[in-house]
Amino acid sequence: MGIEVAVEGLTKSFGRQNIWQDVTLTLPPGEVSVMLGPSGTGKTVFLKSLIGLLRPERGRVLIDGVDMAGSSEREVYETRKLFGLMFQDGALFGSMNLYDNIAFPLREHTRKKESEIRRIVLERIEMVGLLGSEEKLPGEISGGMRKRAGLARALVLDPQIILCDEPDSGLDPVRTSFISQLLIDLNAQIDATMLIVTHNLDIARTVPDNMGMLFRRELVTFGPREVLLTSDEPAVEQFLSGRREGPIGMAEEKDQATADRERLSGALDRDDGPRTVEPQLEPSPGMPVRRAVSRREERVLGMLDTLPAAARRAIEATLGTRGSRSTRGGRGGRTTLAGSGPFEARTEVRP
Ligand SMILES: Nc1ncnc2c1ncn2[C@@H]1O[C@H](COP(=O)(O)OP(=O)(O)OP(=O)(O)O)[C@@H](O)[C@H]1O
């Protein structure tokens, strides 16, 4: 099972520029979480702080008893091995083919024999639907394939925590849907703790168990997906509806005069009706059941009394309708991203 990541009072600045302050949240073990936020609010800085590549000036990031913000380089380096990282562009070496790129962490960090490396690399390549493309160079494949190759490389050391920085950037909506499904399928297969940074509303609405949002140098909120998806918080509401009206502007935040003008003009009084909570994606047929689902159910039921009424109703409705769906196994098929159809996807039916 994945490992819990506990962030306590984290504050990061570059010189006199404060990026965010006093960020406190817990990524529950094995669950999928999403961090939203307008551009420039420090989401990537947050990911880098979790793995100890950046050192916040205050607070702690506790992973298996090690504080990634304050421990020695050696301890941080060792703990970093628990992570798999998927960066925006796949971060592949341009001169290596996909096989060598994906094998790289195994050759660099383990003493495994080439035969064992081959087994692991091919297994991960299959997981992300790239079998047959091993010999290709990163420059010879599409952006979506590069992302999947980056994900395969993130998986070779059996990470217990996976961080994905904008897995959808540069992808069309159809491939973004496939990436969403792939992330859920991965979670079902390896039960790792996952944090995805994204602007993409479809990913935000359908993938995570938990969501948070950074805005104006603070964590606006973090919690079960239903809390954000039904939130009345103006920045969260605006972000999730993609509206121009609201506290988020073209620059990181609107100036006060614009915000006041909008308030006086009534532009913020629009009522879009009750916000709906779309069903969360389930693993593809043939995939294992996500073990996080029952753990999360117990956790969320335990905090139900502390949640806003709209979130409570959404959670109760989901639990009421899900019933046997969450415990049902697959139906003998499995969706892969193997490049056979017009959108590089196909469903394999297993006997
Ligand atoms: N190493 C660094 N030194 C100085 N400033 C930095 C450094 N890294 C990031 N920043 C600043 O921190 C701020 C947040 O950057 P970050 O990339 O984390 O934002 P983001 O929320 O991920 O944005 P986007 O959604 O556009 O990718 C930016 O103003 C950026 O210029």
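All ligand and atom numbering here is 1-based and tracks the order in the structure.
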Taking only heavy atoms of [X], which atoms of ligand 1 are found under 4.0 Å from at least one of them?
X	result
Gln17	29 (O)
Glu166	24 (P), 25 (O), 27 (O)
His199	25 (O)
Gly42	14 (C), 16 (P), 18 (O), 19 (O), 20 (P), 21 (O)

Would you please classify the geometry between the Trp20 ring and the Phe46 ring as parallel, tilted or perpendicular, with 30° and 60° separating the classes?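 Answer is perpendicular, since the angle exceeds 60°.
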
Short N or O distance, Val45 and ligand 1, threshold 3.5 Å exclusive: yes

Nitrogen or oxygen of Gly40 less than 3.5 angstrom from that of ligand 1: yes

Specify side chain, backbone, both or neither for Ile19, according to which of its non-hydrogen atoms lie closer than 4.0 Å to ligand 1.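 For Ile19, the contact with ligand 1 is made by the side chain alone.
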
Between Glu134 (side chain only) and Gly132 (backbone N and O only), is there a donor and an acceptor less than 3.5 Å apart? yes

May I ask you to establish whether Lys12 and Phe14 are in a cation-pi arrangement, using a distance under 6.0 Å from NZ or CZ to the six-membered ring centre and at most 45° from the ring axis? yes

Residue list, side chain to side chain donor-acceptor pair (under 3.5 Å) with Thr198, at least two apart or on another chain: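 Once residues adjacent in sequence are excluded, the partners of Thr198 under the side chain to side chain donor-acceptor pair (under 3.5 Å) criterion are Asp168.
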
Would you say the side chains of Gln280 and Asp209 form a donor-acceptor pair under 3.5 Å? yes

Have Ser13 and Asn18 got a donor and an acceptor in their side chains that come within less than 3.5 Å?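 Asn18 and Ser13 do have a side-chain donor-acceptor pair below 3.5 Å.
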
